[in-house]
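Below: one structure, written as structure tokens.
Whatever order the structure lists ligands and atoms in, that order sets their numbers, starting from 1.
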Amino acid sequence: MTDTVNVPHLGKTPLLDTIDTPEDVRAVPRDKLRQLADELRTETIDAVSVTGGHLGAGLGVVELTVAIHNVFNTPDDRLIWDVGHQCYPHKILTGRRDRIRTLRQEGGISGFTKRSESEYDPFGAAHSSTSISSGLGMAAARDIKGGDNNVIAVIGDGAMSAGMAYEAMNNAGALKSNLIVILNDNDMSIAPPVGAMSAYFSRLWSGGAYQNVRQVAKQVTGAVSKSLHDVVGRAEEYIRGMAAPEGTLFEEMGFHYVGPIDGHNLEHLIPVLTNARDANMGPILVHVITQKGKGYAPAEASSDKYHGVSKFNVATGEQQKGTPKAPSYTKVFAQELCKHAEKDDKIVAITAAMPDGTGLGDFAKKFPDRFFDVGIAEQHGVTFAAGMASEGLKPFAAIYSTFLQRAYDQVVHDVAIQKLPVRFAIDRAGLVGADGPTHAGSFDVTYLSTLPGFVVMAAADEVELQHMVATASAIDDGPSAFRYPRGEGRGLNMPEIGSVLEIGKGRLIRSGNHAAILNLGARLAECEKAADDLSTRFGMNITIADARFAKPLDHELIRQLANNHEALILVEEGAIGGFSSHVLEFMAADGMLDGRTKVSSMHLPDVFIDQAAPDAMYASAGLSAEKIAAKVLSMTEAGEAAIRA
Ligand SMILES: Cc1ncc(C[n+]2csc(CCOP(=O)(O)OP(=O)(O)O)c2C)c(N)n1
């Protein structure tokens with residue numbers, strides 16, 4: 001076997017063409033595994049070039065994927081990929097090659113691991129740092145059931161910045177169940193990794209000096225050869241002797257540490273994984289060094305190693321990116337925050353490993369001392385922000401709606417109960433498209449509006465977002481949050497800087513007499529489209545109001561809309577239990593649900609919605625202009641007459 005990565009010409013995958021399942025990978029002769037890895041890399045690149053998606057992480061684990069399926073008896077041996085964004089090569093080898101070009105598309109396979117998709121995905125993921133916990137749970141279940149299968153968790157160095165990984169290792173060290181954790185160390189997260197642990201991993205392999213395979217094999221079993229083994233006597237002693245001199249952190253936590261080894265070299269990977277498989281000595285951590293984007297020059301050369309890409313030209317690496325018609329919400333938020341930060345040196349910004357995703361890269365450049373990337377550590381990030389707020393700073397914690405879920409107790413216990421003015425900038429609110437249900441920002445209005453004292457805002461467009469940044473900056477007696485969707489704004493003229501809004505006051509967008517729509521958030525454009533359509537087709541006039549605030553509610557506005565219209569329709573791009581539920585509670589308490597006004601709410605349905613283009617997801621959620629118009633028609637006499645005519 002040679003360990004030189006060689007990407008063959010597209011379409012030439014003769015060996016891969018013979019592989020349907022990992023059973024076939026185990027039948028490939030050792031000296032052909034390199035070829036299989038090369039072909040798998042080619043197929044991964046080609047597939048992602050037509051679908052877009054996560055590329056760099058998958059390319060970095062091609063050899064690891066081949067080696068794991070070669071050595072372990074998957075699916076009986078449980079293989080868990082942390083985050084799951086690197087699992088495309090795994091999907092190709094596990095019976096899903098025929099659907100690999102449907103990745104992340106409507107009706108296609110997921111861009112992450114998913115239990116319902118394959119028996120080779122024993123645990124679903126997409127949020128990071130869950131693999132060691134779930135793997136340990138499986139190992140404990142195996143022990144109770146008297147099984148003897150292996151459990152392997154593959155976790156990146158970025159994902160190792162989350163507390164959950166350490167909580168799991170702490171527990172694993174005590175349980176002493178057989179568990180193999182493979183630390184896939186590519187010295188990258190989405191952005192360059194941050195924190196002391198990242199520096200520690202680098203020190204462990206200090207500049208690329210890999211252990212040779214003989215040393216590493218001995219680290220696991222001490223059984224590299226009988227004669228060597230005999231010299232030392234007992235394997236346990238041998239391991240201690242061969243481990244990193246001062247003992248690694250992992251060893252202190254009860255793991256046997258093995259490595260570091262070259263994760264692109266199958267000659268190293270296969271014997272080491274074989275030894276780990278056969279060791280039967282409690283938790284083992286295999287430290288593997290890989291390169292994100294390995295084997296594809298444009299990925300290797302790019303600063304983000306092609307973490308996430310749109311469709312691209314394989315020959316040039318050029319990605320197909322449409323020309324934006326309006327600035328993205330992310331950019332509007334980030335620029336607005338910079339403007340306020342220039343005037344107010346108390347403003348600080350926090351991200352949990354998403355400096356570019358949240359747009360805070362520019363803030364980091366302009367105000368390096370006031371910018372904090374805490375790593376993939378949302379829980380810590382929130383309490384860290386609370387600590388800063390308690391000292392009089394103005395922290396903006398910019399976290400995607402879906403990832404803030406992880407820090408809910410910190411939001412409640414550290415922020416809300418103490419009335420600390422942490423400002424939550426909640427990006428990717430609502431349905432997000434190709435990343436699917438794990439990444440949908442469905443729940444934030446629900447889980448925040450239930451907290452006493454929180455101000456919860458939702459931007460209906462980019463100008464509103466500007467105002468909400470200004471408003472949050474001005475709120476200094478308690479927590480606040482403003483949410484905004486993924487993607488581009490509406491292309492509105494934007495003021496130089498946003499203005500502070502009156503807390504708990506909505507705005508009237510247009511007045512009519514047939515029905516009223518009270519909207520929260522970025523479905524406003526669809527509400528307007530629906531009203532335009534009803535006006536053109538049936539001459540109906542619809543009142544539209546934008547609530548701006550899910551908390552506190554604008555009671556006066558709600559009364560006015562309910563009392564002056566035959567029907568009131570509430571629209572929001574969030575889960576049940578959010579804005580509409582609060583409005584309905586208020587209306588009930590205020591005696592407005594007495595039958596005089598018909599009221600209906602349109603929110604996300606009570607299901608997890610599968611990946612598709614965002615518009616298609618909203619249509620399936622019943623939140624398109626068409627569905628809003630249909631609702632108005634069904635609730636009004638004018639509408640019913642129009643339908644009958
Ligand atoms: C809880 C959570 N926060 C943020 C993310 C976004 N995210 C996806 S992959 C990733 C980086 C993971 O880095 P690493 O584990 O080193 O894997 P690599 O991509 O380098 O292979 C991040 C931050 C996430 N998936 N989950």
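Listed by number with element, the atoms of ligand 1 under 4.0 angstrom from any heavy atom of G156 are 14 (P), 15 (O), 16 (O). Atoms of ligand 1 found under 4.0 Å from any heavy atom of H307 (numbered from 1 in listed order, with element): 9 (S), 19 (O). Near D157, meaning under 4.0 Å from any of its heavy atoms, are these atoms of ligand 1: 16 (O). For ligand 1, the atoms sitting less than 4.0 Å from at least one non-hydrogen atom of A57 are 19 (O), 21 (O), numbered in the order shown with element in parentheses. Close approach to M354 involves these atoms of ligand 1, each under 4.0 Å from a residue heavy atom: 6 (C), 23 (C).
Counting heavy atoms under 4.0 Å from ligand 1, residue Q86 does not touch it at all. At a heavy-atom cutoff of 4.0 Å, ligand 1 is contacted by the side chain of R406 but not by its backbone. Contacts of I376 with ligand 1, taken as heavy-atom pairs under 4.0 Å, involve the side chain alone. At a 4.0 Å heavy-atom cut-off, ligand 1 touches N186 through the side chain alone. Residue contacts with ligand 1, taken as heavy atom pairs separated by less than 4.0 Å, involve H85 solely via side-chain atoms from C-beta onward. Contact annotation: for A126 versus ligand 1, heavy atoms closer than 4.0 Å belong to the backbone alone.
Ring pair Y200/F250 is tilted by interplanar angle, where 30° to 60° counts as tilted.
Closest protein heavy atom to atom 7 (N) of ligand 1: I190 CD1, 3.6 Å. If you check which protein heavy atom lies closest to atom 26 (N) of ligand 1, you get S128 N, 2.9 Å. Here the heavy atom of the protein found nearest to atom 5 (C) of ligand 1 is F403 CZ, 3.3 Å. Taking atom 3 (N) of ligand 1 as the reference point, the nearest protein heavy-atom neighbour is E378 OE2, 2.7 Å. When only non-hydrogen protein atoms are considered, atom 15 (O) of ligand 1 lies nearest to A159 N, 2.9 Å.
The pair E63-K294 fails the salt-bridge criterion, with no side-chain N (NZ, NE, NH1 or NH2) lying under 4.0 Å from an Asp/Glu carboxylate O. The residues R34 and E267 are annotated as not salt-bridged, no charged nitrogen and carboxylate oxygen being separated by less than 4.0 angstrom. Here D427 does not pair with R486 in a salt bridge; the nearest charged N to carboxylate O distance is not below 4.0 Å.
E318 places no side-chain N or O within 3.5 Å of a backbone atom of F312 that could act as its donor or acceptor partner. A donor-acceptor pair under 3.5 Å links the side-chain atoms of S310 to the main chain of Q320, judged by distance alone. In this structure, the side chain of T102 does not engage the main chain of Q105 through any donor-acceptor pair within 3.5 Å. T42 places a side-chain N or O within donor-acceptor distance of the main-chain N or O of D38, the cut-off being under 3.5 Å. With hydrogens and angles ignored, the 3.5 Å screen pairs no side-chain donor or acceptor of D121 with any backbone N or O of T113. Distance alone, capped at 3.5 Å, is enough to place a donor-acceptor pair between the R115 side chain and the P122 backbone.
Checked by distance only, ligand 1 and V83 stay at 3.5 Å or farther apart across all their nitrogen or oxygen atoms. Here's the thing with A352: none of its N/O atoms is less than 3.5 angstrom from an N/O atom of ligand 1. Residue K292 places at least one N or O, backbone or side chain, under 3.5 Å from an N or O of ligand 1.
Taking the six-membered ring for Trp and the full ring otherwise, H85 and F112 have centroids separated by 6.0 Å or more. Between Y447 and Y408, the gap from one ring centroid to the other is short of 6.0 Å.
Among G60, S189, A377, the residue whose heavy atom sits closest to atom 11 (C) of ligand 1 is S189. For atom 16 (O) of ligand 1, the candidate residues are G158, G84, A125; the nearest heavy-atom contact is made by G158.
For R406 and F403, the positive end is not near the middle of the six-membered ring at less than 6.0 Å and at most 45° from its axis.
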